[in-house]
Amino acid sequence: MPELPEVETIRRTLAGHITGLEIKKVILYWAPAVRGRGDSSFADIVSGSRIQSLDRRGKYLLINLDNGHTLIAHMRMTGRLLYYPEDLEPARHTHVVLKLSQGELHFNDTRKFGRIQAVLTAECFSTSSLSILGPEPLSEEMTPARLGERLARKKKNLKAALLDQTVVAGLGNIYVDEALFRARISPERSASALTEEELRALHQAMIEVLKAGIEANGTSFRDYRDANGEQGLFQKRLQAYGRGGEPCLNCGEPLKKKKVAGRTTVSCEKCQR
DNA sequence: ACTAACCTGTAA
DNA sequence: TTACAGGTTAGT
């Protein structure tokens with residue numbers, strides 16, 4: 001579920017609550033949700049540490065502790081990190097509770113795909129999951145030329161290439177469809193055959209839609225909630241995702257819904273070339 | 001490059 | 001009952 005704007009919103013809404021707090025105790029309701037390191041269990045690593053700062057890389061949330069460790073969390077489709085200022089009986093599908101010096105952090109995940117892993121902070125970015133990620137789409141280094149370079153290395157269609165986290169980190173099914181719609185480029189085009197003008201349009205559309213998503217606190221199309229349990233608002237601004245059969249906002253023709261790269265994809269076959 | 005697998009819930 | 005869901009990865 002959470003793509004870059006949703007994870008960034010979780011990071012922001014969580015940081016104000018938990019930065020500086022001590023993790024007093026770890027309660028596991030479903031142990032596979034967490035992973036320790038070597039012989040040390042997740043609970044042993046985390047207990048007694050203090051939360052220093054929160055970062056994000058692609059769709060990964062990074063919680064830096066003051067004991068040389070970092071927690072790498074990925075929500076996959078339905079994961080939530082929820083902060084409660086008071087003790088609270090865990091809701092259904094809560095797999096981990098971190099008791100803090102003030103309040104609690106609950107990791108809740110209906111589909112059980114999400115994971116939280118404890119790693120050494122020094123090795124964080126060289127862990128297998130993070131080391132393979134492409135550049136951050138909102139960073140300075142992401143230029144139209146850089147995007148073109150990364151896309152050109154893949155012999156896939158655009159939809160598959162933009163979902164590929166090694167090409168660019170943080171886009172998922174919603175924001176790929178939105179970026180392509182706004183750039184007026186077909187998801188089925190070859191990733192390696194864009195003109196410079198198309199690359200500029202795609203680059204700009206990608207950045208604009210991600211920034212707008214963050215601005216709106218993410219897209220709560222279904223399960224997504226921020227750390228306060230609040231919905232985002234960007235589902236009201238979607239122009240393509242979830243609008244199959246509805247009129248294109250440019251030309252009025254019905255938007256087409258079809259599988260591309262194994263994912264449901266909505267596009268306007270008249271506007272997007 | 002496509003499919004199954006990991007899971008549960010919801011809607012058709 | 002079946003299909004499908006903001007993701008990733010390990011298989012063909």
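Naming convention: chains lettered A, B, ... in sequence-line order (proteins, then strands); numbering from 1 in each chain.
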Verify the contact: side-chain N or O of [X] to OP1 or OP2 of [N], cut-off strictly under 4.0 Å; return yes or no.
X: A:Lys112; N: B:dT8; value: yes
X: A:Thr78; N: C:dA5; value: no
X: A:Arg115; N: C:dT8; value: no
X: A:His93; N: B:dC7; value: no
X: A:Tyr175; N: C:dG6; value: no

Answer syn or anti for C:dG6, where the cut-off is 90° from 0 on the glycosidic torsion.
-> syn
Can you find a pair of side-chain heavy atoms, one from [X] and one from [Y], that are under 4.5 Å apart?
X: A:Ser101; Y: A:Lys24; answer: yes
X: A:Gln165; Y: A:Ile132; answer: no
X: A:Arg182; Y: A:Gln239; answer: yes

Taking the side chain of [X] as its heavy atoms from C-beta onward, which of [options] lies nearest to it?
X: A:Ile132; options: C:dT9, B:dC7, C:dG6; result: C:dT9
X: A:His74; options: C:dT9, B:dT8, C:dT8; result: C:dT8
X: A:Ile174; options: C:dT8, C:dT9, C:dG6; result: C:dG6
X: A:Thr110; options: C:dT9, C:dG6, B:dG9; result: B:dG9
X: A:Lys155; options: B:dA1, C:dT9, C:dG6; result: B:dA1

Contact class for [X] (heavy atom, under 4.0 Å): base, sugar-phosphate, or nothing?
X: A:Gly262; result: nothing
X: A:Thr264; result: sugar-phosphate
X: A:Lys259; result: sugar-phosphate

Separation of [X] atom [atom1] from [N] atom [atom2], in whole Å?
X: A:Leu171; N: C:dG6; atom1: CG; atom2: C1'; answer: 12 Å
X: A:Tyr29; N: B:dC7; atom1: OH; atom2: C1'; answer: 21 Å
X: A:Asp223; N: B:dG9; atom1: CG; atom2: C1'; answer: 8 Å
X: A:Lys257; N: B:dA12; atom1: NZ; atom2: C1'; answer: 11 Å
X: A:Arg92; N: B:dC7; atom1: CZ; atom2: C1'; answer: 12 Å
X: A:Phe107; N: B:dC7; atom1: CZ; atom2: C1'; answer: 12 Å
X: A:Lys156; N: B:dC2; atom1: NZ; atom2: P; answer: 10 Å
X: A:Arg80; N: B:dT8; atom1: CZ; atom2: C1'; answer: 13 Å

Please figure out whether A:Leu163 or A:Arg111 has its closest DNA chain C nucleotide nearer the 5' end.
-> A:Arg111
Reported CD-to-NZ distance for the pair A:Gln231 and A:Lys236, which is rounded to 0.5 angstrom | 8.5 Å
What's the spacing between A:Cys271 SG and A:Leu180 CG if we round to 0.5 Å?
-> 13.5 Å
[atom1] gap between [N] and [M], integer Å:
N: C:dT8; M: B:dT10; atom1: C1'; result: 23 Å
N: B:dC7; M: C:dT1; atom1: P; result: 22 Å
N: C:dC4; M: B:dT3; atom1: C1'; result: 15 Å
N: C:dT9; M: B:dG9; atom1: C1'; result: 23 Å

Under 5.5 Å between ring centres and under 30° between planes: true for A:Phe113 and the base of B:dC6?
-> yes
Apply side chain to side chain donor-acceptor pair (under 3.5 Å) to the pair A:Tyr83 and A:Thr13, showing each step before the final yes or no.
-> CA-CA 9 Å; A:Tyr83 177 77; A:Thr13 49; over 6 Å; no
Salt-bridge criterion met for A:Arg11 and A:Glu8 (N-O under 4.0 Å) | yes
Across all strands shown, which nucleotide pairs with C:dA5 by Watson-Crick or G-U wobble geometry, both distances under 3.5 Å?
-> B:dT8
